[in-house]
Every structure is written in structure tokens, then in C-alpha cells.
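Here the structure comes first, spelled out in C-alpha cells, and everything after it is commentary.
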Amino acid sequence: MPAIVVVGAQWGDEGKGKATDQLGDRVDYCVRYSGGNNAGHTVVVNGERYALHLLPSGILNPNCVPVIGNGVVVDLDVLFSEIEGLAARGVDASHMVISANAHIITSYHQVIDKVTERFLGKARIGTTGRGVGPAYADKVNRIGLRIQDLFDASILQQKVEAALEQKNHLLVKVYNRRKIEPAEVAEHLLSHAERIRPHVVDVSVLLNEALDAGKVVLFEGAQAHHLDVDHGTYPYVTSSNPVAAGACVGSGVGPTRIDRVVGIAKAYTTRVGEGPMPTELLDADGDKLREAGVEFGTTTGRKRRCGWFDALVVQTAARANAFTDIFLTKLDVLTGWEKIPICVGYQVSGVRHDSMPLTQSEFHHAVPIYEELDGWTEDISACREFDDLPKNAQVYVNRIEELCSAPISGIGVGPSREQSIVINDLL
Ligand code: GDP
Ligand code: IMO
Ligand code: MG
């Protein structure tokens, strides 16, 4: 039975949450494998809107076990407030499980995230300020704290002291901030220990046994291919590996067990934070897309930068993640344009590129080459079959499929669970 990975094909906010939720009660385990509460996944069920940051979207289906893998960085305050917020709305999260190896985001990671961004000035990344980057930096630097450290108070105290030793010098002498007391941090973290303890499991054992037993495991990506620290538009990226391969690393499930990789691509392009985005529209058209698509960040409320669909961006993700399927979201947002451009190439210093250029400098200077397709005016939000779509919308979808070299298996025509067209069922 299948293990499916859902991955963002652009710069995030493609609608991964909705795509995950839509597979519904057929999913037995829904796994977050990378990132932290920098993610914001919005799911609309029966007119109710849920914004999830750490818990996988599978939480909204009562039969699905929500899993937080070792690859995630966890802010325990956020986790528990998310669980409480859901409980207040009648959603039970008590069956959530978490890896003992997942790293912890502490208050000092958040402080460092914010001060380093301020220090970078114009060169800032535009992070979400949640402490995600500094927590991953500590992990790689081998001075991170893991969930299992909460169960040994003296080890935790030692590790917090070690992690803060250099940081306090930096904070006080370079950033002109006050010193952070290790004992206070350790005490706060320890206050979560007994609450998290019953949720801690060996995620690798759990998921491999589930797959052996024929269960359906869905890995819900956060962020996206082009925000990946290895494959994205570095340094304007997040600090983890959102790509499909990250699902294996971040959960302890081997690559040969993955059956399908579903790329989630918006029918146009958005990006939050800094970094190159060749098709960005800085004029009234960009504002029109933002309004129609309600393109404001789920996590920070920031305006999302908006532009036309960039086929080179999605094609790159399709190749590197080996997409078996694409779920094209928010097609309804494009209703009402007379012409809809698709970026099919770039001009860089007078040279045409049919795929993303080799270097970041070239990408920064990429000028899109557009192909213009005819738009449609009909409201498509009630369409449930491909053939219900206006002819021009069908042509648009078919052209994207051709350019991105992966079959489009689903189309989003609205934010609600049922507002989708299923072309090939994923399960
Ligand atoms: P994620 O981070 O990839 O899960 O995406 P977000 O939830 O941050 O952003 C996607 C936004 O688009 C959310 O507000 C969704 O409710 C909404 N959405 C998802 N799919 C569709 C769709 O097909 N049409 C429309 N109009 N909205 C959608
Ligand atoms: P979902 O899962 C969109 C962006 C930030 C910033 C960069 C680094 O909802 O698609 P970070 O706080 O991770 O160090 O910020 O990455 N970013 C996202 N953009 N959607 C996300 O998640 C994002 N998570 C991080 O805006 O540019
Ligand atoms: Mg989002």
C-alpha cells in the first residue's frame, strides 16, 4: 500500500494542506518531515478555516494518526497551543506522535533569528522569525536540543549551557542584547517534559510497520522545492530539505518504500520573503492576482509576491523530486483574465534559457519569455470534472502539463475540501 509524498513545487503556499486533507480518511498516518512552525497550511472544512503550523493536516481526519518526524524542528509552546486551539474547536490531537530525535526550537533561536535578520539589513532573507534557521544551524553544529533531552534534566541543563555559551557573547557584544539565562530556558523546556512524554515514539519503527501492514502513509511537505537549502534559491531559502527525499531523511523510511510523489503547484506563482522570482508582477496585475487569490501569508500575514506561472520553476521541481503527479491548485483565481501568460523560458544577458540557469547570479537577472494563452470568464468553482471546465481553462492546464513533464492528477477550483477536480485518484 502506498507511501505518498506531497511536495511544494514553487516557493511555498501552493495549497499542500488542502491537497493533503483532501485525501481524507483514506490516509492512516500523516507525517510532517521537515521545517517547523514557519509553515502555515490552511484547510477549509464545512466552511470552517483551520490554519496549521506544526501538526500535519491529517489531524482534521479523525482516523488519521498525525506524526511529527525527526526532521522537524519543534517549538513546544506552539505545538501545545495548536493542540489546545484544535481541542477548543472539537478536533482531538491526543493521538499525535513525535520522534524522540526531533530538534527543539527555543526562545534563543527566535531571538537570534530576529536579530540576525535585522543585522543583515537589505541582505535579509525575510524569514518568518520563528527560530527555524538557528535551530537547524545548532542541529548541524551538533549543539542542538532534542525531544529526548527533555527526559534527563541534568543533560538538558548542560546542553542549554553549551548552546548558549557562544550565543550569549554574540548577543551581548555584537547584537547589544541582554544575556539569556540557561537555567531559565532549561526550566521552561522541562515544564513540557511530562506532557510530551506519552507522545514520543520511534517514528521509523512505527511507519515501517504501518507500511508492512498495508497502511497508507502520507508525508506532508512544508515549504517547497525552491526553498530547499540544497536545491532552492540559496541563500533565500529555508534551512531544511522540503524536497521529497527529505521525507525519507526526516522520518526514517527508506526511498524504495515511496510509491508516489505529488507536486503541488499553484496555477500562478507566489513567494513570501526575499529572493529572486522572475515572473513577479510589481504592477496592478500583481495586486489583482493577490486580491483574487487572497495571497497573504498564513503564518506572518505578509503580502505574498504574485506573478504568472513559471514553467521552468515547476519543471525543475518535477525532475528533482521525480513527481509522479502534479496537483494544480487555485485555477479558479485565474478566472476573468483576457490573456494568461505562462513563462516558458528566460532571457539572461541576451541568451535564451529553456531551463533554470546554472548560477544564482544568472537567475537573479532572468527575464521571463512568455507564451500568452486565452483566458476564460466562467466561474469554475463548481466544476468537478475536467470536461466541466471552459475550453480555454482546459487548454491552459494541458499546456502546463506538457511544459512540466508530469501528469496533472488533480485541479483545485476553490479553498474547500470538495472544490477539486480529480483526474487520477492518488489512492
Ligand atoms: P500550503 O502552505 O501549501 O498548505 O498553502 P497555504 O494554506 O499557505 O496557502 C494556500 C491558500 O489557498 C489557503 O488559503 C487555501 O485555503 C487556499 N487554497 C488552496 N487550494 C485552493 C484552490 O484551489 N482555490 C482557491 N481559491 N484557494 C485555494
Ligand atoms: P508553507 O509550508 C512560504 C520562507 C520565508 C523566507 C524563507 C526562510 O506554508 O508553504 P524561515 O523562517 O524558514 O527561515 O524563512 O522561507 N518560508 C515560506 N514561504 N511558505 C512557507 O511554508 C514558508 N516557510 C518558510 O518567507 O523567505
Ligand atoms: Mg503556507
Side-chain angles (χ1 to χ4, degrees), residues 6-22 32-45 48-54 56-57 72-73 75 105 109-110 112-114 116-117 124-137 220-229 232-240 242 263-268 270-277 289 291-305 327-335 379-381 383 410-421:
V6 163
V7 186
Q10 294 148 323
W11 281 287
D13 304 323
E14 297 89 351
K16 299 175 290 292
K18 182 196 151 177
T20 299
D21 170 72
Q22 210 201 309
R32 275 285 308 269
Y33 60 85
S34 71
N37 57 309
N38 47 352
H41 297 182
T42 309
V43 181
V44 182
V45 187
E48 291 258 340
R49 180 180 175 277
Y50 298 89
L52 300 161
H53 299 285
L54 257 178
S57 303
V72 176
V73 286
D75 181 326
I105 300 182
H109 294 122
Q110 290 167 41
I112 288 165
D113 197 351
K114 286 175 188 146
T116 45
E117 279 282 278
R124 69 184 178 277
I125 309 295
T127 72
T128 58
R130 301 297 190 261
V132 169
Y136 279 116
E220 180 183 353
Q223 290 80 52
H225 176 87
H226 294 280
L227 287 174
D228 184 282
V229 69
T233 46
Y234 190 92
Y236 301 101
V237 292
T238 192
S239 302
S240 65
I264 314 297
K266 216 175 259 191
Y268 47 101
T270 63
R271 174 163 205 169
V272 197
E274 308 302 319
M277 174 181 165
L289 269 180
E291 261 165 51
V294 201
E295 295 295 354
F296 298 90
T298 309
T299 300
T300 57
R302 287 179 291 178
K303 277 186 181 178
R304 293 178 184 147
R305 300 156 63 192
F327 192 112
L328 190 70
T329 63
K330 304 190 92 159
L331 187 65
D332 53 301
V333 173
L334 293 179
T335 298
D379 179 358
I380 62 168
S381 60
C383 296
I411 301 170
V413 291
S416 297
R417 194 180 260 178
E418 68 284 357
Q419 286 181 302
S420 296
I421 294 173

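Everything numeric here is computed off the predicted structure, so don't read it as measured data. Just follow the structure's listing: the first ligand is 1, and inside any ligand the first atom is 1.
Between Gly40 and ligand 2 there is a heavy-atom distance shorter than 4.0 Å. For Ala224, the heavy-atom gap to ligand 2 stays at 4.0 angstrom or more. Within the 4.0 Å heavy-atom shell around ligand 2 one does not find Arg304. Within the 4.0 Å heavy-atom cutoff, Ile125 counts among the residues contacting ligand 2. Under a 4.0 angstrom heavy-atom cut-off, Trp11 registers as being in contact with ligand 2. Using a 4.0 Å heavy-atom cutoff, Arg130 is absent from the residues neighbouring ligand 2.
The protein heavy-atom contact nearest to atom 17 (C) of ligand 1 is Lys330 NZ, 4.0 Å. Protein heavy atom nearest atom 26 (O) of ligand 2, with residue, atom name and distance: Arg302 NH2, 3.0 Å. The protein non-hydrogen atom at the shortest distance from atom 13 (O) of ligand 2 is Thr238 OG1, 2.6 Å. In this structure, the protein non-hydrogen atom closest to atom 7 (O) of ligand 1 is Thr42 N, 2.7 Å. Scanning all protein heavy atoms for the shortest distance to atom 12 (O) of ligand 2 gives Thr128 OG1, 2.6 Å. Of all protein heavy atoms, the one closest to atom 2 (O) of ligand 1 is Gly40 O, 2.9 Å. What sits closest to atom 16 (O) of ligand 2 on the protein, heavy atoms only, is Leu227 CD2, 3.7 Å. Here the protein heavy atom with the shortest distance to atom 15 (O) of ligand 2 is Thr127 CA, 3.3 Å. The nearest heavy-atom contact from the protein to atom 8 (C) of ligand 2 is Val237 O, 3.4 Å.
Counting the atoms of ligand 1 from 1 in the order shown, those under 4.0 Å from a heavy atom of Gly412 are 23 (O). Of all atoms in ligand 1, listed by their number and element, those nearer than 4.0 Å to a heavy atom of Lys18 are 19 (C), 20 (N), 23 (O). Using a 4.0 Å cut-off to heavy atoms of Gly273, the atoms of ligand 2 that qualify are 27 (O). Using a 4.0 Å cut-off to heavy atoms of Gly17, the atoms of ligand 1 that qualify are 4 (O).
When heavy-atom distances to ligand 1 are checked against a 4.0 Å cut-off, Asp332 comes that close only through its side chain, counted from C-beta outward. Contact annotation: for His41 versus ligand 2, heavy atoms closer than 4.0 Å belong to the side chain alone. The proximity of Arg304 to ligand 1, defined as any non-hydrogen pair under 4.0 Å, is limited to the side chain. Using a 4.0 Å cut-off between heavy atoms, Lys16 contacts ligand 2 through its side chain alone, with no backbone atom that close. Contact annotation: for Val294 versus ligand 1, there are no heavy atoms closer than 4.0 Å.
Of the polar atoms of Gly12, none of the N or O atoms is found under 3.5 Å from an N or O of ligand 1, judged by distance alone.
Between the side chain of Lys18 and the main chain of Gln419, a donor-acceptor pair closer than 3.5 Å is present.
To the nearest 10 degrees, the angle centred on the Mg ion (ligand 3) between OD1 in Asp13 and O in Gly40 reads 160°.
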